[in-house]
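Residue numbers start from 1 in every chain, and the chains themselves are labelled A, B, ... in the order their sequence lines are given, proteins ahead of strands. What you see is a predicted model; the values in this text were computed from it and never measured. Keep in mind that the numbers below use all heavy atoms, side chains included, and drop hydrogens, waters and symmetry copies.
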Amino acid sequence: MITALFVMIAIALFLGAVLGYSAIKFKVQGNPLVDKIDAVLPQTQCGQCGYPGCKPYATAIAAGEAEINKCPPGGEEGIHKLAELLGREFVPFGEGAAPKAKSVAFIDENTCIGCTLCIQACPVDAIVGAAKQMHTVIARECTGCELCLAPCPVDCIIMLPIQENITNWKWRYPVFNIQAAA
Amino acid sequence: MRSIFTFKGGVHPPTHKSESTQSAIMQAATPSKLVIPLHQHAGIRSKPIVQIGERVLKGQIIGRPEGRLSAAVHASSSGIVSAIDLQLVAHHSGLPDLCITLIPDGKDEWIGHSGVDYKQTPHTELRHLLRLAGVVGLGGAVFPSDIKAYSNKHKIKTMVLNGAECEPYITCDDMLMRERADDILRGAELLRELLYADEIIIGIEDNKPEAIAAMRQSLGNGKHQHMEVISVPTVYPSGGAKQLIRILTGIEVAAGVRSTEKGVQCFNVATAYSAWRAIAHGEPLLSRIVTITGNVEQAQNFDVLLGTPVDELIAQAGLKPDTERYIMGGPMMGVDLPSASVGVTKATNCIIAASPVLFPPPPLELPCIRCTRCADVCPAELQPQDLFWFAKANNFGKAQDFHLFDCIECGACAYVCPSHIPLVQYYRYAKSEISAREQESQAAELARERHEYRQFRIEREKLEKAEKLAQKEKASQATKVATPTVPTTPDDEDASIQRRIEAALARAKEQAAANKPKNTEELTPQQKAEIAEIDARRAKAHELVSSGEKAE
């Protein structure tokens, strides 16, 4: 009887030590849910959700502070993905938060005065230029967040929707006209 | 005698090949204009290097290859460049792409060119010559040949030369083998040399006995060792690279594996021919054999300059009036041309004039009854009925799990479907959606990286600034300690401030005296009068202000 008790205590102590050690050794840094949510978000860093970037929004969603329908660039598909990930209900976009066509910023180089304000605003460093030098947007890196539009003092930045061309063309979903039976 | 293998599935559509093999290859007339697309190959579009109005010679490079995976584009005849702009091209999208329009001057004047002896030339140079000659796979995939003719990781044992030409209507390779077998075999030797391959197997479907005979006869002259012409059974799609490799060698090239990893490389017969012309004669890829068939008076093969508008070409075969559209390629995998004015490209093996009689409109799509006939004929051994299901439901993850990307889009499934479902369209839709999503997520990943780095940089700059400030503070404190200041009374301090203000005022006066306004000399009397007037006004205003202050 007493032997069994000691054996059980010894096992309990040993397992406790193992668990305690692994809790310290294998501690997960940060919140893995935030990273999962962040992976779904489109990384435009546009701040349309009211948070200063995609990661802060992901953190807010994970903490249950934010709705999942605040990200227009992610589209409805993004909401569906978030809903699936979090086990929540699908929520449609609110008023005035509908997704726009994908576009990139374009600087009218004749009007640009080289003030560098847009460079400081760009969240992904997609604008090159220097003080009193012409600025230009690296179209490939631009996420279309529109954050550069507001700071421009001469309104020389416009958003150009991405046109369909032969390289980004996609096959359409097969649709056939329904014909009346003869 | 070598034993041959079979692949699973396949179909036997009516071949319609005899119509266009009745007469020899005819040289097509030089057209009134040449519309030469700059993106005729797999990979990156070539860059135009000619100007509008410039006269170019036949064989001159007008599009320089850009990047590793690219090929040069040449002027197919001598003439004047009349436009470099977006024109409709033979593409499923029906969208325009960058083309160079050339008005031939009829002289057909060649640029200086000469061949090299491939046995005396280093392989890297040969590959470079192939790239500059614009030689790409002429079987339809138009993959740059210089890249395919290189394998350093895997020993190539067998080189397969593809003369199967399994798709209905197309006979360009058949006629090429009948008439130009010697050069094809020489080209095969050249490619074998580049690949260090041991043997060459030439696979030709048994519905082309004349081509097999011509190739065997050419082989029989004893110049070629370890080379064999094999007659393979006629079944669509035996001309698919993986399918032909399976038939000839028994090797199954698994999903996501390249045939070179299994020691096999595959070239089309026309590619071997044009590689030989490019290396031995210095002739870049300027023309190709195109089958003109379908709703025409005399179906025939033409040797066509690249860029020849389809309508001018087809007129030479006698177009019948009830033609409603044109198909580039075969009826199974071909592209519906968006316009009859598009130029012939390196990928154009066949143009079919389609009439409602020859190609009746497809019957109505009916629901899938899961009869799995498509699975029986699928040469890639997929489950087309499931892929269709997932593609239709936009369930792309599941479609990928069922190996959607192993589909070669041969159309055998749609051919046998009793419900007339355009299955390949669904697969293409799903494939392009998946690719677009992958690109989007890559772009998002890049944006995340850049954003995180930017934040890191801002943080670092902040820290550096704070550090600098702290150091400055420290330094100033150190100097303060080093020079003990004389304790001053408040009066002294006031006096010193007064002194400093006076000194500053004196300095400002001095500067004002030194920097006199430069536009005050040589003024006209009128200007002087104006200035005097303004000064007077200013004095008056001052007076008014000071009197007002006094009144208060």
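Side chains of B:Gln385 and B:Gln383: a donor on one and an acceptor on the other come within 3.5 Å. No side-chain donor-acceptor contact under 3.5 Å links B:Ser435 and B:Ser432. For the residue pair A:Gln43/A:Asp38, the side-chain donor-acceptor check at 3.5 Å is satisfied.
The part of A:Glu77 that comes within reach of chain B is its side chain, from C-beta onward, which places non-hydrogen atoms under 4.5 angstrom from that chain. Of the two parts of B:Pro362, neither the backbone nor the side chain holds a non-hydrogen atom closer than 4.5 Å to a non-hydrogen atom of chain A. With a 4.5 angstrom heavy-atom cutoff, A:Cys122 touches chain B only via backbone atoms. When heavy atoms are compared at a cutoff of 4.5 Å, B:Gln425 approaches chain A by way of both its backbone and its side chain. The contact between B:His451 and chain A is made by backbone and side chain atoms together, counting heavy-atom distances below 4.5 Å. In this structure, the portion of B:Arg457 lying under 4.5 Å from any heavy atom of chain A is its side chain and not its backbone. Proximity to chain A (any heavy atom under 4.5 Å) is restricted, for B:Ala391, to the backbone atoms N, CA, C and O. At a 4.5 Å heavy-atom cutoff, the contact between A:Pro123 and chain B is made by backbone and side-chain atoms alike.
Taking the charged nitrogens against the carboxylate oxygens, B:Arg454 and B:Glu459 have no contact shorter than 4.0 Å, which rules out a salt bridge. For B:Glu66 and B:Arg45, the salt-bridge test fails: no basic side-chain N is under 4.0 Å from an acidic carboxylate O.
In summary, the aromatic rings of B:Tyr429 and B:Tyr426 are positioned with their centroids too far apart to meet the 6.0 Å limit.
When the candidates B:Arg437, B:Lys431, B:Glu452 are compared by the number of heavy-atom contacts under 4.5 Å with chain A, B:Arg437 comes out ahead. Considering only heavy-atom pairs separated by less than 4.5 Å from chain A, the leading option among B:Gln439, B:Glu445, B:Glu433 is B:Glu433.
Few gaps surround CD on B:Glu461; more than 12 heavy atoms of other groups in view lie less than 6.0 Å from it.
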